[in-house]
Structures are given as C-alpha cells and as structure tokens.
Amino acid sequence: MVISKKNTNKLKIINPSGKIEANFFELVYEVARQIPKGRVTSYGAIAACLGTKLSARMVGWAMNGAHHANPKVPAHRVVNRKGMLTGKLHFETPKKMEQLLIKEGVKIKNDTVVDFEKLFWNPLLELEF
DNA sequence: CGCCTGACGAAAC
DNA sequence: GGTTTCGCCAGGC
C-alpha cells in the first residue's frame, strides 16, 4: 500500500494497482493504528498529520466506520484535544472506551484522560508520510 | 442536486 | 468565561 501526496496536498492511499481507496478513512485508521498502547492522541492531531488539520471533524467522523475496519482500529485511544472521551457513546457500550483505556494503563477521570499532555502521542512527530 | 449532520477546533460573541 | 457560530468536507436523505 502506498501513501502519496497528490494535488492539493491531501493524502491518499493508493493500492499497488494504482486504484485510490477510500482515502480519508483508511488514512485515519492507518494513523490511529500507530498509536502506541497506553498512549492517546487527538482528532485534530491526526487531521494535522494528514494535512487536513482544518477538518478534524472528518477524522472523528471517519471513526464511525472504524468499528468494522480491518484490521481493528484502536479508536479508544483517540480523544478530543482536551482529552475528553467524547466518542465513548459511539462504542458498543459507553463504558467500553474507558475500560479499554484503563486496561492499557490510562487513567480516566470525569470522562477525561488524566495527564493527557503526558500521554499525548503526536503523529506529526512520530510519523512521516 | 441541495440541505443537513457530525466522535472537532478555534474564534467570535 | 460559558455559549454560539463557523469552517471543514464526506455521506445520507
């Protein structure tokens, strides 16, 4: 799988066949999958990493399909920029997200990641397309 | 087709 | 300083 920056500086995933896949979503998933266990990042950070920082909404929105994505996407490690688990309601059960994070060693308080800044994983720094 | 809707984020009130 | 508005853009209706 190849990732390239074609026109407009938007990133797109291109299969070996040269066919363009559902760019945005797949790309978001791709980045999300890179998030280390026990770490978290924000929608905006992912968006910025993809070059579409102005549309963080799309990143979160893309997560709608993350459930039936393959391979599995650790969507629970993605929160908004304040560290709030705003997407918990979109999981199988509202508690799922929090439980998954706690399981990985991330502490949650009031639907917010404790020490968010410390656990924050910046795709811009860790990844390079 | 145009209009509405977001798991966001920043800026304007 | 909490609330609303707007930009963003793909998809559903």
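In the text below, chain A, chain B and the rest are named by the order of the sequence lines, each starting its count at 1.
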A.B. asks: Just compare C:dC8, C:dG11, B:dA7 and give me whichever is closest to any side-chain atom of A:F91.
C.D. replies: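 Among the listed nucleotides, the one closest to the side chain of A:F91 is B:dA7.
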A.B. asks: Rounding to an integer number of angstrom, what distance separates C:dC6 and B:dC3 when you compare their P atoms?
C.D. replies: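 Looking at atom P only, C:dC6 and B:dC3 are 16 Å apart.
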A.B. asks: In whole angstrom, what separates A:M63's CE from B:dC8's P?
C.D. replies: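 Answer to the nearest Å: 11 Å.
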A.B. asks: Hey, can you tell me if A:F25 and A:W61 have their rings parallel, tilted or perpendicular (30° and 60° cut-offs)?
C.D. replies: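 Plane angle between 30° and 60°, so tilted.
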A.B. asks: Mind calculating the distance between CH2 (A:W61) and P (B:dC8) to the nearest angstrom?
C.D. replies: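 My rounded result for the distance is 13 Å.
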A.B. asks: Working to the nearest 0.5 Å, report the span between CH2 of A:W121 and OG of A:S42.
C.D. replies: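 A:W121 atom CH2 to A:S42 atom OG measures 11.0 Å (nearest 0.5 Å).
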A.B. asks: So, under a plain 3.5 Å distance rule, would you say the side chain of A:R57 forms a donor-acceptor pair with the base of C:dG7?
C.D. replies: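 Per atom types, the contact qualifies.
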A.B. asks: Using a strict cut-off of less than 4.0 Å between a Lys/Arg side-chain nitrogen and an Asp/Glu carboxylate oxygen, indicate whether A:E30 and A:R33 qualify as a salt bridge.
C.D. replies: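 The answer is yes: the pair qualifies as a salt bridge.
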A.B. asks: Starting at the 5' end of DNA chain B and moving along, which residue's nearest nucleotide shows up first, A:H67 or A:R81?
C.D. replies: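 Nearer the 5' end of the strand: A:H67.
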A.B. asks: Could you check how far CG of A:N80 sits from C1' of B:dA10, rounded to whole Å?
C.D. replies: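 After rounding, the gap between these two atoms is 13 Å.
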A.B. asks: Quantified in whole Å, what is the P atom distance between nucleotide C:dT5 and nucleotide B:dC4?
C.D. replies: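 To the nearest whole Å, 15 Å.
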A.B. asks: Under 4.0 Å between a side-chain nitrogen and a carboxylate oxygen: does that hold for A:D111 and A:K88?
C.D. replies: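 Judged by the 4.0 Å cut-off on N to carboxylate O distance, A:D111 and A:K88 do form a salt bridge.
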A.B. asks: Measure CG/A:L54 against C1'/B:dA11 and give the value in whole Å, please.
C.D. replies: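 Atom-to-atom, A:L54 to B:dA11, this comes out as 13 Å.
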A.B. asks: Given atom OH of A:Y43 and atom C1' of C:dA10, what is their separation to the nearest angstrom?
C.D. replies: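 That distance rounds to 17 Å.
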A.B. asks: Looking at B:dG9, I'd like to know if its phosphate oxygens (OP1 or OP2) sit under 4.0 Å from a side-chain N or O belonging to A:S55.
C.D. replies: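 Checking B:dG9 against A:S55, no side-chain N or O comes under 4.0 Å of OP1 or OP2.
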A.B. asks: I need the CG-P distance between A:L89 and B:dG6, as an integer number of Å.
C.D. replies: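 To the nearest whole Å, that distance equals 12 Å.
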A.B. asks: Need one value for A:A75: base, sugar-phosphate or nothing, where a base atom within 4.0 Å counts as base even if backbone is also close, heavy atoms only.
C.D. replies: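 Since a base atom lies under 4.0 Å of A:A75, the category is base.
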A.B. asks: Rounding to an integer number of Å, can you tell me how far A:F120 CZ sits from B:dC8 C1'?
C.D. replies: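 Value for this atom pair: 13 Å.
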A.B. asks: Given the P atoms of C:dG2 and B:dA7, what is the spacing between them in whole Å?
C.D. replies: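 Between the two P atoms, the distance is 23 Å.
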A.B. asks: Specify the separation, in whole Å, of atom NE2 of A:H90 and atom P of B:dG6.
C.D. replies: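 Taking NE2 of A:H90 and P of B:dG6, I get 8 Å after rounding.
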A.B. asks: If we count only N and O atoms by modelled type, under 3.5 Å, do the side chains of A:H76 and A:E104 hold a donor and an acceptor together?
C.D. replies: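 Yes, side-chain donor-acceptor contact under 3.5 Å.
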